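In what follows, a structure is listed as structure tokens, so that the remarks can point back to it.
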Amino acid sequence: MADPTDKMESIINLCKRRGFVFPSSDIYGGFNGFFDYGPLGVELKNNIKQAWWQDFVHRRDDIVGLDSSIIHHPTTWKASGHIDNFTDPLVDCKESKMRYRADQLFFAPVRVAGETIGYVSVLEDETMQAKAEELANELKRKLAKQGALEPLALKDYTEAKPEEHALIPSPATGKPGSLTPPRSFNMMFQTYVGAMQDASATAYLRPETAQGIFINFKNVVDTGRVKLPFGIAQVGKAFRNEINPRNFIFRSREFEQMEIEYFIAPSADWAVAHQDWIEGCLAWFESIGIPRAKLSLYPHPTEKLAHYSKGTTDIMFEFPFGVQELQGVAARGDFDLTQHSEVSGTKLDWFDEAAKARFIPHVIEPSVGVDRVFLALLTTAYHEDEVEGEKRVVLRLPARVAPFKAAVFPLLKNKPALVERAEALYRRLKKRFNVFYDESGNIGRRYRRQDEIGTPFGITIDFDTVEKDAGVTVRNRDTLEQVRMTEDEVVRFLDEQVNGR
Ligand code: GAP
């Protein structure tokens, strides 16, 4: 299955068919930009969040957790700059009523033998250059122009000159004249708090979990046992009214973030701390089954950094639809704490005992979307191969994140001794792990059903188990190897596979 579009289609189908991800409000035809996680999806998602929390909070001494409210005092967003600056450039097609992000709509003048004969436009994707060239050739043919087509230099619509707006065709209709100039569109979802529905009651669904951390800085410092440098971690929902949600759960309007604000002294070398975090995050991705070969770094060019940022590096992942941001690691200086100190009038600083000095700490922020990690894991794990002459779909998910850690099967369902023993083992394992019990259909088919949802081990109770007390067979989803072990050994084996040695 070489075609990346086919791979995405197959993954989306599998997600729906086996209960990982459903379109939100499916019975009402779906709701663009929203998704529901089904019985298997919620397990995978929870396992990702749990692994992150274990590794970054429980297994470290310098990071504590937080779970702030989703709706903050609205002044939070004024102080953070979101009310004024959390915008995307929006362009409307007046004819089709379609809306695009101006920085994802690309255009170029079509020039033949030194003359501009019109414009083409395409939406950003891996193949947009080829699509634009096809459109340019079509235009040249239509206008019966002779001569060589000059190379197309695609630019995004935010770079169009005002006089070009009316000349660039809408990607929806192919005709010029209907695209508006770009305008800023604030991506925060608004709501009202309380009975009044006026400006005084306006509040926002958080577009990131980070600000909840900054506004709780003093509470954590006053109540915890933290010592600089230290981090505050938070996992939770974030909401963005994305103009163009796309690529399944990659860019949606409601998603989850796992963020850390890691506070350091202003005198500390931020570049070193930033690099340490980048490397730490790469190592974590690898540890949960995202191969290093599919990850790359994109340091933001200095001239494109937000005014408060000293440096931002995105960790990119090779999705089937292109190399895209998985995580951002930003060095935000003291911008956020300074802003909230000034606007709230509450000092958000740190007293350094040794130096007897107060200062506002600086911060390194690793921020990653749970849904993007979910998709990166699925696209890495998804394979189609052949077993015993039969095609199979297999999710090679590591045991730590797999929805079910093992499935327990009696070899035959009409042999009470096998069923009894299998049920007993299932109940024993279920106390520790999420495991599945299946007695229906032939054993090959039962394995196949589990392979498709990423269950790493199939445990079969056969006649040797009950008649000779010879243990059970444990089949490995990836190597297909089967080994016999006692039921006690199975418990220890699974514990090692899921939780590490
Ligand atoms: N506090 C910093 C912050 O929110 P961001 O780059 O806007 O930075 C961080 O978002 C991460 O959140 C991204 O790297 C991505 O993994 C995830 N994310 C952002 N927008 C998303 C969306 N619309 N859908 C899914 N995940 C998203």
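The structure displayed is predicted, hence computed values, not measured ones. Excluded from the calculations below are hydrogen atoms, water molecules and symmetry mates; all remaining heavy atoms, backbone and side chain alike, are included.
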Looking just at side-chain N and O atoms, do [X] and [Y] make a donor-acceptor pair shorter than 3.5 Å?
| X | Y | result |
| --- | --- | --- |
| Q129 | E133 | yes |
| Q234 | S68 | yes |
| Y262 | D62 | yes |
| Y382 | E384 | yes |
| Q257 | R206 | no |
| Q211 | T76 | no |

Could you check whether atom [atom1] of [X] has more than 12 heavy atoms from other residues, nucleotides or ligands sitting under 6.0 Å from it?
| X | atom1 | answer |
| --- | --- | --- |
| K218 | NZ | no |
| E134 | CD | no |
| D198 | CG | yes |
| F31 | CZ | no |
| Q146 | CD | no |

Between [atom1] on residue [X] and [atom2] on residue [Y], distance to nearest 0.5 Å:
| X | Y | atom1 | atom2 | value |
| --- | --- | --- | --- | --- |
| F248 | E9 | CZ | CD | 10.5 Å |
| D336 | F263 | CG | CZ | 8.5 Å |
| S267 | H362 | OG | NE2 | 9.0 Å |
| D26 | F35 | CG | CZ | 10.5 Å |
| M258 | K49 | CE | NZ | 9.0 Å |
| I215 | Q339 | CD1 | CD | 14.0 Å |

Q) What do the steps show when you test H72 against W77 for side chain to side chain contact (heavy atoms under 4.5 Å, CB included), and what is the final call? A) CA-CA 8 Å; H72 308 327; W77 306 109; 3.3 Å; yes

Aromatic rings [X] and [Y]: how do their planes relate, parallel, tilted or perpendicular, breaks at 30° and 60°?
| X | Y | value |
| --- | --- | --- |
| F317 | F319 | perpendicular |
| F189 | F239 | perpendicular |
| F56 | W52 | tilted |

If every non-hydrogen atom of [X] is compared with every non-hydrogen atom of [Y], which pair is closest and at what distance?
| X | Y | result |
| --- | --- | --- |
| N186 | M188 | OD1-N, 2.9 Å |
| P229 | I264 | CB-CG2, 4.1 Å |
| I71 | A203 | CG2-CB, 3.8 Å |
| S367 | E259 | OG-OE2, 2.6 Å |
| I243 | P89 | CD1-O, 3.9 Å |
| I260 | G231 | CG2-CA, 4.4 Å |

Q. Is the Lys NZ or Arg CZ of R372 less than 6.0 Å from the centre of F250's six-membered ring, within 45° of the axis?
A.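 Checked: cation-pi criterion met.
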
(Q) Can you confirm whether or not the ring centre of Y37 sits under 6.0 Å from the ring centre of F374? (A) yes

Q: For this output row, return yes or no: ring centroids of H165 and Y157 closer than 6.0 angstrom.
A: yes

NZ/NE/NH1/NH2 to OD/OE distance under 4.0 Å, [X] and [Y]:
| X | Y | answer |
| --- | --- | --- |
| R396 | D385 | yes |
| R240 | D88 | no |
| K347 | D349 | no |
| E124 | R246 | yes |
| K78 | D84 | yes |

Donor-acceptor under 3.5 Å ([X] side chain, [Y] main chain):
| X | Y | answer |
| --- | --- | --- |
| R253 | N32 | yes |
| N47 | A402 | yes |
| T158 | A102 | no |

Q: For the pair I278 and H274, evaluate side chain to side chain contact (heavy atoms under 4.5 Å, CB included) and give the outcome as yes or no after the intermediate values.
A: CA-CA 6 Å; I278 294 169; H274 187 229; 3.8 Å; yes

(Q) Checking R183 against D92 for the side chain to side chain contact (heavy atoms under 4.5 Å, CB included) test, could you report, in this order, the C-alpha distance in whole Å, the side-chain angles of both residues, the deciding distance, and whether it holds? (A) CA-CA 9 Å; R183 66 190 164 88; D92 285 297; 3.0 Å; yes

